Protein chains: 2
Amino acid sequence: MTEPKTPDAAAPTAPAKKHARDGKSNATIYDIAKVAGVNPSTVSRALSKPGRVSAKTQKLIEDAAAELNYQVNPFARALPTGRTNTFGLIVADITNPTFFDIIRGAETTATVRDYTLVLAESAESAVTELTAARRMMATVDGLILASPRMDDDDIRALARDKPVVVINREVDGVPCVVPDVNKGISEAVRSLAANGHRKVAFVAGPPQSWMSARRWEGVQAACEWSRLEAVRLESSKPTVDGGRQVARDVRASGATAVLTYNDLLAIGLMQELQAAGMVVPDQISIVGFDDIFGADFTTPPLTTVRSPLGECGSGATTLLLDLLHGTGDPAGTLRVETELVLRGSSGRLLPAG
Amino acid sequence: MTEPKTPDAAAPTAPAKKHARDGKSNATIYDIAKVAGVNPSTVSRALSKPGRVSAKTQKLIEDAAAELNYQVNPFARALPTGRTNTFGLIVADITNPTFFDIIRGAETTATVRDYTLVLAESAESAVTELTAARRMMATVDGLILASPRMDDDDIRALARDKPVVVINREVDGVPCVVPDVNKGISEAVRSLAANGHRKVAFVAGPPQSWMSARRWEGVQAACEWSRLEAVRLESSKPTVDGGRQVARDVRASGATAVLTYNDLLAIGLMQELQAAGMVVPDQISIVGFDDIFGADFTTPPLTTVRSPLGECGSGATTLLLDLLHGTGDPAGTLRVETELVLRGSSGRLLPAG
DNA sequence: AGCCTTTTGTCAACCGGTTGCCATAAATTG
DNA sequence: CAATTTATGGCAACCGGTTGACAAAAGGCT
């Protein structure tokens with residue numbers, strides 16, 4: 001009675017003034033109840049609890065809902081229940097393509113299971129990360145931390161509040177998804193040994209990176225096994241730029257083969273060494289980690305220890321969703337395999353001409 | 001009185017059983033009101049409407065809030081107000097690095113302004129996109145569509161409901177952020193002309209891509225101006241793979257220079273041509289679009305017309321946020337400049353040997 | 001002092017679902 | 001056919017803020 005009935009053809013091209021609230025604004029369960037001639041609570045039940053109402057009423061309500069093209073109000077639902085059908089993903093650095101695949105894996109899996117993904121980044125900072133995590137906690141059902149930089153204890157504290165899954169790091173008592181580096185690394189080191197290398201450098205990543213530590217351990221172990229000498233070098237940041245900067249240390253080290261914490265470092269390193277006139281792989285072999293997008297664009301294409309990043313993202317999401325639905329091991333670690341992707345940046349060492 | 005006071009040191013290493021609800025669960029404005037000795041509504045006002053309560057009460061309430069380390073419940077706030085401090089970003093393809101810069105730009109700007117980013121992808125499908133958009137509409141304050149594939153009308157319909165900003169496409173009546181291709185393209189074409197090229201091929205992107213159409217127009221216009229012949233080729237999909245597939249058409253076309261809809265196509269095309277023994281740029285020049293991550297990893301590094309993608313993402317976010325806060329032009333288009341990034345994949349044509 | 005305006009806090013309704021409890025109707029059983 | 005169990009729908013309270021209306025208190029002015 002109070003609303004005029006021509007909200008549509010009013011002004012087709014005129015700039016829309018206000019945003020909705022009027023017009024075909026959202027129907028509520030009360031509207032449905034009225035149309036179907038039942039109580040709102042019955043509508044609620046019909047729409048969420050399967051089997052709680054009779055088939056007849058169910059149909060009645062569903063038809064009414066369809067007619068009004070009803071959509072639940074997620075906030076109204078979240079308020080009493082706490083369920084939001086949303087989860088958060090915090091990555092260390094959105095710039096880093098490593099996380100692209102993780103994000104993609106997570107987003108895809110989330111969408112399939114009818115969840116929404118909320119994204120944040122920590123800019124490689126532990127405190128930013130914790131802040132972002134805390135903020136998210138209020139609005140999500142669960143959280144995925146990809147390569148977190150904060151303390152184990154902080155992570156456990158978060159996990160006490162809501163389900164948390166960690167990628168690329170192992171935290172006691174928290175479900176994790178980690179690539180098992182050993183297979184890939186030993187393949188890589190064996191390949192280097194077979195090609196005549198005797199001294200291998202490892203360019204480490206951020207000091208707080210759990211994964212960097214694991215990779216260094218793996219490299220050490222594999223080198224020992226193959227009777228190679230292993231030295232560790234530090235990088236300023238795990239980026240292309242960081243790779244360029246570490247080039248002089250690499251040359252100074254006397255190593256003829258380098259494994260780097262990630263592909264970005266490897267690419268930067270290779271660029272810088274090539275710019276200085278070195279021939280890859282004739283004079284030096286370079287092996288990265290992760291097999292990110294673009295790793296095969298370089299010349300020579302980058303040999304790398306691939307982590308199935310997309311799988312990590314979707315695996316973590318699945319783990320989280322299972323946790324949320326009661327299924328699933330509260331603290332199981334999902335291990336995914338790594339493998340050597342042999343491309344052109346590693347190979348036989350040519351005798352110094 | 002009713003709650004035991006030792007929730008902490010209970011079982012440090014035992015697997016956390018249930019998730020919160022107990023313990024230091026969230027304080028509400030009612031708790032604050034009790035502590036501060038005022039009415040809940042006063043608390044609400046103190047915390048949201050600046051200046052609505054006296055300085056004294058304000059302080060009282062703030063202290064109480066701090067003590068209880070209160071955090072608003074976003075859902076409780078969203079329910080009556082509709083404000084969520086969240087906005088959605090829908091991209092055509094998460095796999096495509098083009099969008100990563102956009103995502104990054106948007107996320108960064110959003111965080112600064114205290115907004116949360118919700119991400120979804122459409123997998124290059126108009127219907128998936130519309131579905132995702134509709135779903136999001138319920139939970140966000142506004143929406144950013146990056147390279148949308150749906151109809152103008154659908155976009156306008158969405159925009160009638162909540163603020164929408166479009167990236168990489170111009171839609172009448174909707175605020176947009178678009179790179180202005182002309183400068184970059186004319187630089188590119190002039191450079192090609194100066195290097196002796198006479199026939200230029202353009203490899204188009206998805207048929208629904210507004211940007212692809214603009215780029216083709218730009219190429220045509222620039223070629224006309226420089227008196228070059230321009231031919232248009234179609235690609236199956238705007239990816240590296242699509243680039244590989246279009247290689248035979250490129251060779252068949254007789255063009256000595258190619259501009260591709262995006263860098264991915266350019267990279268794939270270059271790989272395939274090189275695999276077939278062609279020398280870039282001696283026998284054929286290749287120019288991409290966007291300057292994505294990795295465009296300079298190739299050999300030769302890719303010449304490309306750069307779009308400031310990160311700027312698009314942050315610009316769109318700013319536009320949206322301004323819109324939400326009443327400031328800002330309801331339908332202004334933000335144009336950002338493109339420029340030629342001259343690298344090694346384009347250059348002088350060598351006489352066929 | 002008396003009256004008017006402004007400030008500040010309270011009351012109560014509301015946003016839109018969810019859910020425990022209860023009453024009625026239907027189905028099962030002895 | 002009565003007695004009991006089970007299926008179904010309704011009632012009302014609740015989640016945690018927000019906000020319009022109003023009253024009490026404070027301040028300003030003649």
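Keep in mind the model is a prediction, meaning the values are calculated, not measured. Labels below follow one simple rule: chain letters A, B, ... track the order of the sequence lines, proteins then strands, and each chain is numbered from 1.
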Report yes if some heavy atom in the side chain of Ile103(A) is under 4.5 Å from a heavy atom in the side chain of Phe100(B); otherwise report no. yes

In whole Å, what is the span from the CD atom of Gln58(A) to the C1' atom of dA7(D)? 14 Å

Should Asp93(B) and Arg149(B) count as an ion pair when the cut-off is N to O under 4.0 Å? no

Check the distance between dG16(C)'s P and Asp31(A)'s CG and give it to me in whole angstrom. 9 Å

Tell me: CG of Asn73(B) to P of dG16(C), nearest whole Å? 17 Å

Is the distance from OP1 or OP2 of dT18(D) to the nearest side-chain N or O of Tyr30(B) less than 4.0 Å? no

Closest nucleotide among dG16(C), dT8(C), dG17(D) to the Thr57(B) side chain: dT8(C)

In whole angstroms, how far is the P atom of dG9(C) from the CD1 atom of Ile32(B)? 15 Å

Rounded to the nearest Å, what distance is computed from the CG atom of residue Leu79(B) to the P atom of nucleotide dC15(C)? 9 Å

So, OP1 or OP2 of dG9(C): does either fall under 4.0 Å of a side-chain N or O from Ser54(B)? yes

So that I can tick it off, tell me whether Arg113(A) and Asp322(A) are bridged by a salt bridge, with the cut-off set at under 4.0 angstrom between side-chain N and carboxylate O. yes

Within the structure, does a side-chain N or O atom of Arg83(B) lie under 4.0 Å from either OP1 or OP2 of dT19(D)? yes

Do you know which two heavy atoms are closest between Ile144(B) and Leu320(B), and how far apart they sit? CG1-CD2, 3.8 Å

To the nearest 10 degrees, the angle between the two end axes of the helix from dA1(C)-dT30(D) to dG30(C)-dC1(D) (five pairs per end) comes to 30°

Can you see whether Glu107(B) engages Thr111(B) through a side-chain donor-acceptor pair at a distance of less than 3.5 angstrom? yes

Which residues within residues 33-49 of chain A lie with some heavy atom under 4.0 Å of an atom in DNA chain C? Ser41(A), Ser44(A), Arg45(A), Ser48(A), Lys49(A)

Take the angle between the ring planes of Phe87(B) and Tyr115(B) and call it parallel below 30°, perpendicular above 60°, tilted in between. tilted

Can you check the Phe75(A) CZ to dG17(C) C1' distance for me, whole Å? 13 Å

Of Ile29(A) and Arg52(A), the one whose closest DNA chain C nucleotide lies more 5': Ile29(A)

Between atom SG of Cys312(A) and atom CG of Leu334(A), what is the distance when rounded to the nearest 0.5 Å? 8.0 Å

For Asp141(A), run the side-chain hydrogen bond (donor to acceptor under 3.5 Å, both in side chains) check against Asn85(A), Thr84(A), Thr86(A), Thr116(A) and tell me which one passes. Thr84(A)

To the nearest angstrom, the CZ-P distance between Arg77(A) and dC14(D) comes to 22 Å

Treating Lys162(B) as the side-chain partner and Leu143(B) as the backbone partner, does any N or O pair qualify as donor plus acceptor under 3.5 Å? no

